[in-house]
Amino acid sequence: LFSKIITILALINIFAVLPDIFTIYSKYGFFDEELNKHIISPNTIFINEISNILLSLGIKYEFAFISIFLIYIISLIAVLFNYARLFFSIIIVFLHTVFINSSDFLCYGADYMISFLLYINIFFCIEKYVSKENFNLIFSFTIRLVQIQLCVIYFFGGFGKILGYDWYTGDAVWLSLNHYMNESVLNIVSKYTPKFVYQFMSIHILLIELFYPILVYFKKTRKWVIIDIIVLHVGISIMIGLHTF
């Protein structure tokens with residue numbers, strides 16, 4: 001189940017950016033590869049380096065470029081339908097890492113979280129190659145690793161908000177809504193929403209992220225904080241439009 005959820009999330013993410021892949025990743029895109037290498041180690045692998053290998057075989061650049069993404073999508077579908085899952089899950093991790101290396105200027109939290117989940121998915125795909133007892137241990141370790149990762153993400157997310165000032169005043173939420181929300185919906189919301197609501201939402205988000213590791217640890221607060229976090233992400237999806245976030 002976890003493996004299928006991760007795979008579906010990765011498919012949704014890649015199909016969302018598919019219309020813009022030439023603009024984002026290709027040598028004709030917004031950002032020159034050499035510019036990207038100033039913030040990413042030049043020793044890493046980029047999409048155009050893989051494309052150049054295919055070009056040496058006499059394949060046109062456009063076809064070579066799109067083939068990389070087709071391999072990624074086909075690999076995700078293979079994992080989804082339980083075909084050579086371990087082999088294709090490793091290919092997926094490799095290609096997803098290449099995508100991130102090639103578009104660091106445009107990557108944000110969801111891209112890195114999907115990257116982490118795809119690594120986690122390799123552990124889930126080991127099932128056929130180890131005994132049931134060993135897989136139970138691997139599964140338990142993997143779930144715990146995800147839990148720890150979430151605690152780290154939310155704690156430092158909250159800690160980063162503390163360092164600023166706009167999360168205390170409510171400006172952070174107000175600016176996010178004004179930048180990304182549908183204009184017709186925004187006109188209705190902003191007209192009837194007093195300032196203290198934005199401030200309450202900002203401080204609430206700050207505190208829930210900062211103290212997430214503590215609140216999720218205790219049984220009395222665990223269910224409440226998990227529901228709260230889910231509502232937060234659903235709100236981000238609906239109000240701001242960052243669906244994979």
Side-chain angles (χ1 to χ4, degrees), residues 2 5-6 8-10 12-14 16-17 20 24 30-31 39 96 99-100 103-120 143-245:
F2 288 120
I5 291 172
I6 292 169
I8 291 170
L9 180 62
I12 292 172
N13 188 65
I14 191 62
V17 299
D20 302 307
I24 297 172
F30 280 136
F31 301 104
I39 55 174
H96 190 83
F99 297 159
I100 288 180
S103 62
D104 192 76
F105 282 105
L106 299 176
C107 287
Y108 72 113
D111 297 294
Y112 297 111
M113 190 62 198
I114 291 173
S115 180
F116 170 73
L117 290 174
L118 292 174
Y119 275 103
I120 288 296
I143 294 299
R144 188 65 66 194
L145 187 62
V146 173
Q147 292 171 336
I148 293 171
Q149 175 77 348
L150 286 173
C151 289
V152 170
I153 289 171
Y154 285 121
F155 171 77
F156 282 103
F159 184 75
K161 291 175 176 63
I162 283 180
L163 300 179
Y165 66 90
D166 52 354
W167 285 92
Y168 300 107
T169 61
D171 291 337
V173 170
W174 185 88
L175 285 169
S176 296
L177 295 177
N178 276 268
H179 282 149
Y180 300 107
M181 186 184 284
N182 180 277
E183 189 174 347
S184 58
V185 177
L186 177 64
N187 290 334
I188 298 172
V189 172
S190 59
K191 185 178 180 180
Y192 299 102
T193 305
K195 183 180 178 181
F196 77 86
V197 173
Y198 297 110
Q199 189 173 18
F200 171 79
M201 290 172 65
S202 293
I203 294 174
H204 177 78
I205 292 169
L206 186 155
L207 294 175
I208 205 70
E209 289 187 355
L210 185 66
F211 294 105
Y212 176 84
I214 298 172
L215 295 172
V216 82
Y217 180 80
F218 296 103
K219 288 185 178 180
K220 290 184 178 180
T221 55
R222 183 179 301 156
K223 185 182 292 185
W224 172 78
V225 74
I226 290 174
I227 293 172
D228 203 351
I229 286 291
I230 291 172
V231 171
L232 167 64
H233 284 282
V234 170
I236 290 170
S237 176
I238 295 173
M239 306 295 281
I240 300 180
L242 298 175
H243 304 301
T244 53
F245 192 79

With sequence neighbours excluded, residues passing side-chain hydrogen bond (donor to acceptor under 3.5 Å, both in side chains) with [X]:
{"X": "Y112", "value": "D104"}
{"X": "D171", "value": "T169"}
{"X": "Q149", "value": "none"}

Name all residues meeting the side chain to side chain contact (heavy atoms under 4.5 Å, CB included) criterion together with [X]; count only those two or more places apart in sequence or in a different chain, and write none if there are none.
{"X": "F2", "value": "F124, F139, I143"}
{"X": "S237", "value": "H243"}
{"X": "I203", "value": "Q199, L207"}
{"X": "S115", "value": "H96, I100, Y119"}

Is [Y] close to [X] at the side-chain level, that is, under 4.5 Å between some pair of heavy atoms?
{"X": "C151", "Y": "Y212", "result": "yes"}
{"X": "V231", "Y": "I227", "result": "yes"}
{"X": "I24", "Y": "D20", "result": "yes"}
{"X": "Y198", "Y": "L175", "result": "no"}
{"X": "I214", "Y": "T221", "result": "no"}

Drop me the distance from [X]'s [atom1] to [Y]'s [atom2], to the nearest 0.5 angstrom.
{"X": "M201", "Y": "T193", "atom1": "CE", "atom2": "OG1", "result": "8.5 Å"}
{"X": "L206", "Y": "Y168", "atom1": "CG", "atom2": "OH", "result": "6.0 Å"}
{"X": "I6", "Y": "L9", "atom1": "CD1", "atom2": "CG", "result": "8.5 Å"}
{"X": "L215", "Y": "I208", "atom1": "CG", "atom2": "CD1", "result": "5.5 Å"}
{"X": "I205", "Y": "L210", "atom1": "CD1", "atom2": "CG", "result": "13.5 Å"}

For [range], which residue pairs qualify under salt bridge (Lys or Arg N to Asp or Glu O under 4.0 Å), counting only residues two or more places apart or in two chains?
{"range": "residues 231-243", "result": "none"}
{"range": "residues 230-245", "result": "none"}
{"range": "residues 216-243", "result": "none"}

Completion exercise
With sequence neighbours left out, the residues meeting ring-ring contact (aromatic ring centres under 6.0 Å, His included) with F200 are H204
N/O donor-acceptor pairs under 3.5 Å from side chains in residues 152-167, not counting sequence neighbours:
residue: Y154; atom: OH; partner: H233; partner atom: NE2; Å: 2.7
residue: K161; atom: NZ; partner: G157; partner atom: O; Å: 3.4
residue: K161; atom: NZ; partner: E209; partner atom: OE1; Å: 2.8

